[in-house]
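As the structure lists them, so they are numbered: ligands from 1, and atoms in each ligand from 1.
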Amino acid sequence: MIKEAIIVGASSGMGYEVARQLAEAGTKVAVVARRLDRLEQLAAAFPGKILCYSHDVTHFEEIPGLFQQITHDLGGLDLFLYASGVMPEVGWHEYSFTKDKPMVDVNISGAVAWINEAAERMDNTRHGRLVAIGSVAGERGRSQQPVYNASKAFLHTYMEAIRNRIARHGVAVVTIKPGPTETEMTAHLKMKKMPVEVAARKIIALSGKTGEHFLSPVHAVAFFIIRNFPSFIFRKLKV
Ligand SMILES: NC(=O)c1ccc[n+]([C@@H]2O[C@H](COP(=O)([O-])OP(=O)(O)OC[C@H]3O[C@@H](n4cnc5c(N)ncnc54)[C@H](OP(=O)(O)O)[C@@H]3O)[C@@H](O)[C@H]2O)c1
């Protein structure tokens, strides 16, 4: 039973839906994001179960104090999920630091600042599930989204290192690699997507299983092959 959880990036998409499903199952959930109105709307549906915190993950200096406050308010911590992420549309010939920087700040720096706090606590308590949402996009350097892809590859490697530190103490350190999922982030993309309710259910089920997990079994096979394409072949594909 997951008694207490923190979800950073819980105002929409997968973070929102994981928070909703956990609250429905009886977990006390702390939800964190900038859009407080969305968080409060969710909390209203589960009186006494959801605590709301308005926060921008790029305000890095707030994170240690806020983490301490939330764990105190919750009274414990079984699961921490970092779900915040941004992926602005980038043109094939666009090299814009203005668009790239938020991906570094939210997908990398914010993730490290939050996950370090959770990892330190779980290292000390020898208890918990530490989960981050990566992406199939982090498996190769694709031409369409250089910084988004690189930010997810960073997250995968960083989580592997944290796993190698603390999984031996009984902490589940989990990297989730979704493919296209029906959320605000991908609303503009016309492609087959996994319903967000299904993705969230799988994330919760996998949260106790240390390791890296694709949400679709097809992706597990496809990306094993794609990861091993030689670069000169990969360059010829317009992906
Ligand atoms: N959708 C997909 O197909 C897909 C596939 C693979 C991986 N992913 C990854 O899955 C994760 C969740 O994304 P999603 O698809 O559920 O998208 P989403 O609906 O756009 O949710 C993104 C979440 O990130 C939060 N966020 C963004 N900037 C933030 C900031 N500066 N401070 C605090 N929170 C911030 C948003 O909250 P506020 O705006 O309220 O702050 C929101 O709660 C992301 O890491 C994404 O890269 C998505």
Side-chain angles (χ1 to χ4, degrees), residues 6-21 29-43 50 52-63 66-67 70 80-90 99-115 131-140 142 144-145 147-156 158-159 174-204 206 212-216 219 222-223:
I6 299 176
I7 302 186
V8 179
S11 57
S12 63
M14 286 182 256
Y16 177 96
E17 187 55 25
V18 169
R20 197 193 65 72
Q21 291 185 17
V29 191
V31 290
V32 182
R34 291 169 302 178
R35 289 171 292 176
L36 187 59
D37 55 329
R38 297 281 193 97
L39 303 178
E40 287 177 341
Q41 216 176 345
L42 177 62
I50 295 190
C52 303
Y53 302 86
S54 168
H55 163 72
D56 183 328
V57 298
T58 67
H59 296 169
F60 309 119
E61 69 292 345
E62 292 175 10
I63 293 169
L66 184 54
F67 181 81
I70 296 174
F80 177 89
L81 170 66
Y82 191 85
S84 286
V86 290
M87 185 184 73
E89 277 188 79
V90 175
K99 280 192 180 175
D100 290 343
K101 188 170 181 299
M103 289 188 270
V104 174
D105 289 347
V106 175
N107 305 1
I108 297 179
S109 302
V112 171
W114 272 102
I115 293 168
V131 187
I133 305 187
S135 173
V136 295
E139 296 297 289
R140 289 300 294 253
R142 295 198 241 171
Q144 202 175 353
Q145 274 284 3
V147 173
Y148 182 75
N149 287 197
S151 74
K152 292 302 181 180
F154 174 96
L155 191 64
H156 299 169
Y158 164 71
M159 285 297 283
V174 180
T175 308
I176 301 290
K177 297 180 177 178
T181 307
E182 254 169 25
T183 68
E184 290 179 14
M185 180 177 279
T186 54
H188 61 292
L189 299 176
K190 287 190 176 47
M191 53 170 65
K192 194 168 181 299
K193 296 173 206 163
M194 181 178 282
V196 70
E197 298 79 9
V198 175
R201 201 162 51 243
K202 288 180 181 235
I203 292 169
I204 294 169
L206 291 166
E212 298 193 338
H213 306 286
F214 292 93
L215 290 187
S216 150
H219 286 151
F223 281 91

Between the side chain of [X] and the main-chain N/O of [Y], is any donor-acceptor distance below 3.5 Å?
{"X": "Q21", "Y": "E197", "answer": "yes"}
{"X": "N149", "Y": "E139", "answer": "no"}
{"X": "K99", "Y": "V90", "answer": "no"}

At what distance is the nearest protein heavy atom to [atom], and which residue and atom is it?
{"atom": "atom 21 (O) of ligand 1", "result": "S12 OG, 3.2 Å"}
{"atom": "atom 22 (C) of ligand 1", "result": "G85 O, 3.8 Å"}
{"atom": "atom 36 (C) of ligand 1", "result": "S11 OG, 3.7 Å"}
{"atom": "atom 5 (C) of ligand 1", "result": "G179 O, 3.3 Å"}
{"atom": "atom 48 (C) of ligand 1", "result": "M14 CE, 3.4 Å"}
{"atom": "atom 32 (N) of ligand 1", "result": "V57 N, 2.9 Å"}
{"atom": "atom 20 (O) of ligand 1", "result": "M185 N, 3.6 Å"}
{"atom": "atom 12 (C) of ligand 1", "result": "A83 O, 3.1 Å"}

| request: Please work out which of R34, K152, E182, K193 has its closest non-hydrogen atom nearest to atom 39 (O) of ligand 1. | output: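 Selected option, by shortest heavy-atom distance: R34.
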
| request: Look at atom 14 (P) of ligand 1 and find which of V196, I7, T183, L189 reaches it with the closest heavy atom. | output: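 Among V196, I7, T183, L189, the closest heavy atom to atom 14 (P) of ligand 1 comes from T183.
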
Ligand 1 to [X] polar contact by distance, N or O atoms, under 3.5 Å:
{"X": "Y148", "result": "yes"}
{"X": "A33", "result": "no"}
{"X": "V136", "result": "no"}
{"X": "S84", "result": "yes"}

Please state which part of [X] comes within less than 4.0 Å of ligand 1, counting heavy atoms only: side chain, backbone, both or neither.
{"X": "V106", "result": "side chain"}
{"X": "A10", "result": "backbone"}
{"X": "V86", "result": "side chain"}
{"X": "D56", "result": "both"}

| query | If you measure only the distance, is there a donor-acceptor pair under 3.5 Å linking the side chains of D105 and T58? | reply |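 No, no side-chain donor-acceptor contact under 3.5 Å.
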
| message | Using 30° and 60° as the class boundaries, would you call the ring planes of Y82 and F80 parallel, tilted or perpendicular? | response |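 Parallel.
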
| task | Please round to the nearest 0.5 Å and tell me the distance separating atom CE of M159 and atom CD1 of I133. | result |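 Taking CE in M159 and CD1 in I133, the distance rounds to 10.5 Å.
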
| request: Can you measure from CD (Q145) to CD (E89) and round to the nearest 0.5 angstrom? | output: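 If we round to the nearest 0.5 Å, Q145:CD and E89:CD are 8.5 Å apart.
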
| message | Applying the side-chain contact (heavy atoms from CB on, under 4.5 Å) criterion to C52, which one of V31, D37, V32, L42 satisfies it? | response |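 Looking at V31, D37, V32, L42, the match for C52 under the side-chain contact (heavy atoms from CB on, under 4.5 Å) is V31.
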
